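Heads up: the structure comes next, in structure tokens.
As the structure is a computational prediction, the values presented were derived from the model and not from experiment.
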Amino acid sequence: SKAATASGKQASSASRRVHASRASSASVRRPRSAAAPSTSTVRLRAGWEEPAIMWGLMVGAPAAHKSPPLLALKRVLSTIEREEGGDMETKRREYETNKVEAEAIRAAWEAETKQRAKEGHAPRTMPTEAMEPEAPEEPRLIVGDVTREKLASIHHKNPRGVVMVRDELAGLIGNFGRYGGEDASFYLSAHSGDIERVDRKTSGSTPGTRSALSIVGGIQPERLVELMLKRTNDGLVARFLTCWPDPVKRDWRPAPVDDAFPAAIFRRLRTLAMDTGDDGQPTPRALPLTAEASEVFGQWWIEQGAKAAAASGFFADFIGKAPGACGRLALVIECLEWAEGLNRPADGPASVSAASVARAARLIDDYFEPMARRVYADALEPAGDAAAARLLKAIKAKCADAIAEGREMPATLNERAVRREWGVEGLRDKEAVRVACAELAESGHLSPAPAAPGRRGPRAKDWIINPRLWSALQ
């Protein structure tokens with residue numbers, strides 16, 4: 001989210017025209033977790049509502065540090081779970097006490113009913129006190145590896161929603177259909193806001209319910225291709241907002257991590273008011289767009305249509321789903337603004353503003369769309385082509401740094417140095433670097449270094465960088 005504004009790029013013309021000054025970077029510095037407030041939906045127009053359900057996918061190699069942000073999310077949500085659960089030990093003891101008392105009352109009622117039957121009298125209705133009390137359930141905000149049946153049960157008891165956090169989403173997607181049943185269909189429905197009824201011969205049925213399931217996790221590029229991009233295109237991929245950022249230079253002085261601020265935001269979000277459905281159950285409150293916000297969104301939506309006409313494959317699916325994602329992001333931003341602000345309605349925002357829509361459109365245009373292009377293009381490239389593209393990008397970066405610092409251009413590169421010192425994702429393996437160098441040699445960017453004095457043949461691990469490359473950069 002920071003990258004979307006720190007780059008200084010503008011949003012689409014539609015999102016740029018309204019409240020450009022108000023749609024500042026301040027809004028996207030705040031946490032954008034997958035635990036969106038599932039107490040609300042956004043009404044984009046009559047008949048079109050989007051829930052605050054967000055799916056996020058981080059793509060990166062095993063050493064790309066995908067886990068730390070997930071751990072931070074887990075810490076905060078676990079804290080809220082403990083706070084809302086209270087003294088569960090005392091609640092369980094009270095439940096056991098009440099259960100025994102109910103059993104005793106039921107036993108007395110059963111004995112009385114039998115006696116009345118013998119005497120020819122009509123039985124009395126079982127007293128309410130004889131009903132088994134409801135067992136205390138710990139509130140759930142976060143789930144991990146869970147079956148469809150359990151997930152449906154958790155949703156039924158936690159109408160404000162849960163977030164699934166998985167270090168590797170390959171495990172979730174790889175299990176689709178393993179136990180029989182349409183797991184992919186189940187999750188596709190969940191993204192739309194519905195949990196399908198789950199039927200099992202042994203465990204019975206779990207009723208369908210309104211879904212509030214957000215998902216966030218990571219996946220390795222190779223597994224992404226294997227499990228997602230090479231499956232039947234059922235729309236699953238396009239429902240994830242993806243990120244595949246370049247590796248950053250390591251710094252031993254990281255910024256301090258403060259869980260207090262996001263925890264305070266989550267606590268406030270948990271107080272958002274919900275409406276009551278016809279069945280008496282809590283249901284999300286629909287927030288309409290303001291008139292100005294509707295104008296901004298409508299203009300941006302029309303511009304997206306031109307993009308969709310020119311797109312193809314998985315990227316076309318992403319563009320097609322982008323308006324819904326924009327609406328969801330705008331809702332989340334609006335609720336975050338409410339949660340952080342003072343002197344605002346106690347039960348939550350009444351509508352979604354033009355500023356929130358403009359910020360959401362900017363995130364789609366300047367961050368998530370470029371990331372989608374990278375994910376769908378790079379993941380489908382042949383391994384050699386993708387590795388060569390990354391190596392060429394790294395070489396250009398080295399040359400650009402030399403120009404900026406007034407140093408001499410690097411004339412050669414060494415395969416071992418690329419693996420051990422350059423830190424390029426996907427180029428830490430000896431064979432991958434060799435293949436990448438060979439590909440760049442075929443394209444004329446590199447050439448084998450001449451043999452060292454007294455040595456036969458070229459030095460296979462050293463390559464000469466084509467001087468035209470850095471001449472063009474100059």
Side-chain angles (χ1 to χ4, degrees), residues 1-10 25 28-29 58-66 68-69 220-221 242-255 366-375 377-379 381 383-450 452 458-474:
S1 298
K2 287 182 180 179
T5 52
S7 65
K9 295 179 180 178
Q10 296 297 312
S25 61
V28 293
R29 288 198 297 266
M58 298 182 293
V59 183
H65 298 95
K66 301 185 295 295
Q220 298 176 35
T242 60
C243 63
W244 192 352
D246 292 328
V248 297
K249 184 178 180 181
R250 293 194 178 191
D251 187 353
W252 188 242
R253 300 163 297 175
D366 289 354
Y367 189 80
F368 289 116
E369 181 181 320
M371 284 293 172
R373 289 183 185 275
R374 180 176 187 181
V375 167
D378 283 19
E381 270 189 320
D385 292 348
R390 294 191 185 104
L391 180 56
L392 180 58
K393 183 177 180 180
I395 293 172
K396 290 180 178 180
K398 294 278 185 183
C399 293
D401 289 343
I403 293 172
E405 298 170 8
R407 295 185 283 105
E408 291 186 5
M409 295 296 140
T412 62
L413 68 81
N414 178 268
E415 291 185 14
R416 177 179 293 181
V418 171
R419 298 197 316 269
R420 297 185 176 183
E421 301 171 14
W422 286 30
V424 181
E425 183 176 347
L427 292 179
R428 296 182 177 88
D429 176 74
K430 183 176 181 179
E431 180 63 15
V433 174
R434 186 194 68 77
V435 171
C437 290
E439 291 279 348
L440 292 184
E442 287 188 11
S443 62
H445 292 93
L446 300 178
S447 59
R459 296 183 62 186
K461 294 184 179 180
D462 287 332
W463 298 83
I464 297 174
I465 300 173
N466 189 332
R468 291 184 180 180
L469 178 61
W470 51 263
S471 294
L473 289 172
Q474 283 181 312

Looking only at heavy atoms, the pair that brings Val424 and Ala394 closest together is CG2-CB, 3.6 Å

Let me confirm one number: the CZ-NZ distance from Arg419 to Lys430, rounded to the nearest 0.5 Å.
6.0 Å

Within 6.0 Å of CZ in Arg416, more than 12 heavy atoms from elsewhere:
no

Whether Glu369 and Arg373 form a salt bridge (side-chain N of Lys/Arg under 4.0 Å from carboxylate O of Asp/Glu) is what I want to check.
yes

Evaluate the criterion side-chain contact (heavy atoms from CB on, under 4.5 Å) for residue pair Glu439 and Leu446; output intermediate values, then yes/no.
CA-CA 9 Å; Glu439 291 279 348; Leu446 300 178; over 6 Å; no

Side chains of Ile395 and His445: does their closest heavy-atom pair fall under 4.5 Å?
no

CG-CG distance between Asn414 and Asp462, expressed to the nearest 0.5 angstrom:
4.5 Å

Pairwise side-chain contact, Met371 with Pro245, heavy-atom cut-off 4.5 Å (strictly under):
yes

Heavy-atom nearest pair, Leu413 first then Cys437, reads CD1-SG, 4.0 Å

Does Glu431 have more than 12 heavy atoms from other residues, nucleotides or ligands lying within 6.0 Å of its CD?
yes

Closest contact, heavy atoms only, Ala61 versus Lys66:
O-NZ, 2.9 Å

Test item: Trp463 and Pro448 side chains (from C-beta on) under 4.5 Å apart, heavy atoms:
yes

Looking only at heavy atoms, what is the nearest atom pair of Ala436 and Leu391, with distance?
CB-CD2, 3.9 Å

To check you understand the geometry: which heavy-atom pair defines the closest contact between Arg374 and Asp246, and what is its length?
NH1-OD1, 2.9 Å

Measure the OG1-CE distance between Thr242 and Met58 for me, rounded to the nearest 0.5 Å.
12.0 Å

For Val59 and Trp244, which heavy atoms make the closest approach, and how far apart are they?
O-CD1, 3.2 Å

